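Data block below; observations after.
Note that the structure is predicted; figures quoted are calculated from it, not measured. Letters A, B, ... mirror the listed sequences (proteins, then strands); counts begin at 1.
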Amino acid sequence: MREVMNRRQLTQLGVPEYALVEAVKAVSSAATTHGMRGADLKRQVKQVVESPEQFVEDVCFGALAATLLEDQTLPPLQENVTYQTWGSDIDEGAHTQMREACKLPNASGAALMPDAHVGYGLPIGGVLATEGVVVPYAVGVDIACRMKLSVLDLPLDALESKFDVCCRALEKGTRFGVGSTHQKPQQHDVMDENWNITKVTRQSKDKAWQQLGTSGSGNHFVEFGVLTIREEDKTDEKFSLPPGEYVALLSHSGSRGPGAAVCSTYSNIARTKLPKKYEQLKYLAWLSLDSEEGQEYWEAMNLMGRYAAANHEVIHRLVSDLVGGEIVAGVENHHNFAWKETHDGREMIVHRKGATPAGEGVLGVIPGSMGTPGFVVRGKGNASSLDSASHGAGRCMSRKKANDTFRIQNTRQELKSQGVHILSAGSDEVPGVYKDIHEVMAAQSDLVDIVGQFDPKIVKMCGDGSRAED
DNA sequence: ATGTCC
């Protein structure tokens, strides 16, 4: 059936986008019921938009009036929140997503890191501060995805003299792949916590136990490498190693299946509750921290934070035991998480989705790639970045294009001559798919100081296909 | 990134 009035005409009459569906129904109904057409119909629509309270009982325009009334009381999209960007070569899609995020009614600040690229809702490398609400997709699917570096008491030549032991430790100490589990469930205090705080965490507890100490897929890894502290690096009292070279273990993993379940559960709830007025922000749907669902998400997110930390702890315990080394120093941080912080004297929820906390004196780890260095960093507390830095080099090639362009077998040969041994990895994770980490670090020299450099030597990642290993 | 799968 031909529309009595199209969306463009209705928009010209002042109907907001979120009410267009109801408006189309209303004019169609008025045309059918009252034979209303042309100028009369336009005048009627204008009146409903101007004074919806007078039309709540109207047979044809009641639903439109109710939609307008319900959403009139809600705060408007914001136009005044802006964000600073670090680095260059950031795709326009990430900027588009960031501009949309700044429109959130409760947004209070934002920043874009130099490794930014398009994500779901908020870009990876996006920082978003809000007041009173939490945005599940501004935390991300892999809640509490994080880095952990441990310095071991092994002599530097152990990576060569005990090469086979090191390889075996990485192969046996963790598991890779979607759905991967440890054959023998591992122990950690986090499993004694109360997982009944929400339905989804209660239902995920068994899976969490099976996946404790696993690494998943994608860009996750566990690797041995050499940590170099140079004379000119900034020393830090919390990480006070004398200049020199050390054997270190670096891992990148998160909250695995349970975190993904928490994210999907609460982002779906948030989206269902989102008023039509904010339809354009559906992938950034939020939950009030005063609501039951918001509090549940907050509690579940924090449990996933402790679970992800435990996951790394188990990996490091198993791998260091297998290689026969003691952990003598370490650094770790979440880079997909939300924190309650005070900025400009106001309490805010700061979401960092692929961004490293970089408050003044805060230590963190920013990895490069399997063939390029990562860095132990110390935050400078730059207020315009909301105390944040990048969480890596940032992809510069999509996974699909990377899989069409590179073969991990070729990269393995190339890296071997550079002294890097790849046990397994996906073709979409080779160094060429990432930006130059040195340029990315240079672009954020006002956000972090470099405390040490980590050069990968033996790398274990999920192989092509991302299926769980046997 | 994940697997509670459409």
Side-chain angles (χ1 to χ4, degrees), chain A residues 94 97 115-126 135-148 174-182 195-222 251-269 271-272 283 296-297 300-301 303-305 307-309 311-312 315 334-338 351-355 367 369 391-392 394-395 397-400 402-403 424-429 433-434 460-469:
Chain A
Q97 290 187 316
D115 57 340
H117 53 99
V118 173
Y120 197 76
L122 195 71
I124 317 300
V135 183
Y137 269 126
V139 169
V141 167
D142 191 7
I143 297 172
C145 184
R146 66 190 258 133
M147 301 300 305
K148 181 177 173 78
T174 187
R175 309 293 296 166
F176 283 85
V178 173
S180 64
T181 56
H182 259 297
W195 286 66
N196 295 328
I197 50 175
T198 67
K199 185 181 175 191
V200 62
T201 48
R202 174 164 48 80
Q203 292 177 338
S204 298
K205 187 176 178 182
D206 286 346
K207 171 81 93 178
W209 210 318
Q210 292 165 15
Q211 295 196 318
L212 195 55
T214 62
S215 297
S217 63
N219 56 2
H220 289 177
F221 62 79
V222 182
S251 56
H252 178 204
S253 185
S255 52
R256 307 288 285 102
V262 170
C263 174
S264 97
T265 299
Y266 287 96
S267 52
N268 284 337
I269 291 173
R271 194 174 158 183
T272 305
Y283 299 123
E296 283 182 8
Y297 176 76
M301 180 196 77
L303 176 59
M304 291 305 102
Y307 173 68
N311 195 25
H312 281 265
I315 293 169
H334 293 325
H335 55 218
N336 283 10
F337 210 62
H351 307 73
R352 296 188 181 86
K353 182 183 187 180
S369 72
H391 84 311
R395 291 191 79 87
M397 188 186 287
S398 71
R399 289 192 182 278
K400 186 186 176 343
N403 277 316
S424 62
S427 298
D428 52 359
E429 284 294 330
V433 311
Y434 287 102
K460 177 72 185 172
M461 299 182 78
C462 185
D464 281 332
S466 69
R467 293 221 303 277
E469 299 159 323

Just by distance, no angles: are the side chains of A/His252 and A/His335 close enough, under 3.5 Å, to form a donor-acceptor pair? yes
What is the nucleic acid contact for A/Arg399, judged by heavy atoms within less than 4.0 Å: base, sugar-phosphate only, or nothing? sugar-phosphate
Using atom C1' of each nucleotide, how far apart are B/dC6 and B/dT2 to the nearest Å? 16 Å
Taking for A/Val141 and for A/Lys207 the nucleotide of DNA chain B with the nearest heavy atom, the one nearer the 5' end belongs to A/Val141
Which distance, rounded to the nearest 0.5 Å, do you find between the OG of A/Ser398 and the CG of A/Asp428? 9.0 Å
Whole angstrom is fine here: how far is it from CZ in A/Arg175 over to P in B/dT2? 15 Å
d(NZ, A/Lys353; C1', B/dA1) in whole Å: 10 Å
How many Å lie between CG on A/Asp428 and P on B/dA1, as a whole number? 9 Å
Out of B/dA1, B/dT2, B/dG3, whichever nucleotide has its closest atom nearest the side chain of A/Ser217: B/dT2
When rounded to whole Å, the CZ to P distance for the pair A/Phe337 and B/dA1 reads 18 Å
Between B/dG3 and A/Gln211, is there an OP1 or OP2 to side-chain N/O distance shorter than 4.0 Å? yes
Closest non-hydrogen atom pair between A/Arg395 and A/Glu429, with its separation: NH1-OE2, 3.2 Å
Tell me the interatomic distance from A/Asp142, atom CG, to B/dG3, atom P, rounded to whole angstroms. 10 Å
Take atom C1' in B/dC5 and the same atom in B/dA1, then report the distance between them in whole Å. 16 Å
Separation of A/Arg256 atom CZ from B/dT4 atom P, in whole Å? 11 Å
Over all atoms of both residues, closest heavy-atom pair of A/Gly179 and A/Ala468: C-CB, 4.3 Å
What's the separation between atom OG1 in A/Thr198 and atom OH in A/Tyr266, rounded to the nearest 0.5 Å? 4.0 Å
Quickly work out the A/Gln203 CD to B/dT4 P distance and round it to whole Å. 12 Å
To the nearest angstrom, how far is A/Tyr137 atom OH from B/dT2 atom P? 14 Å
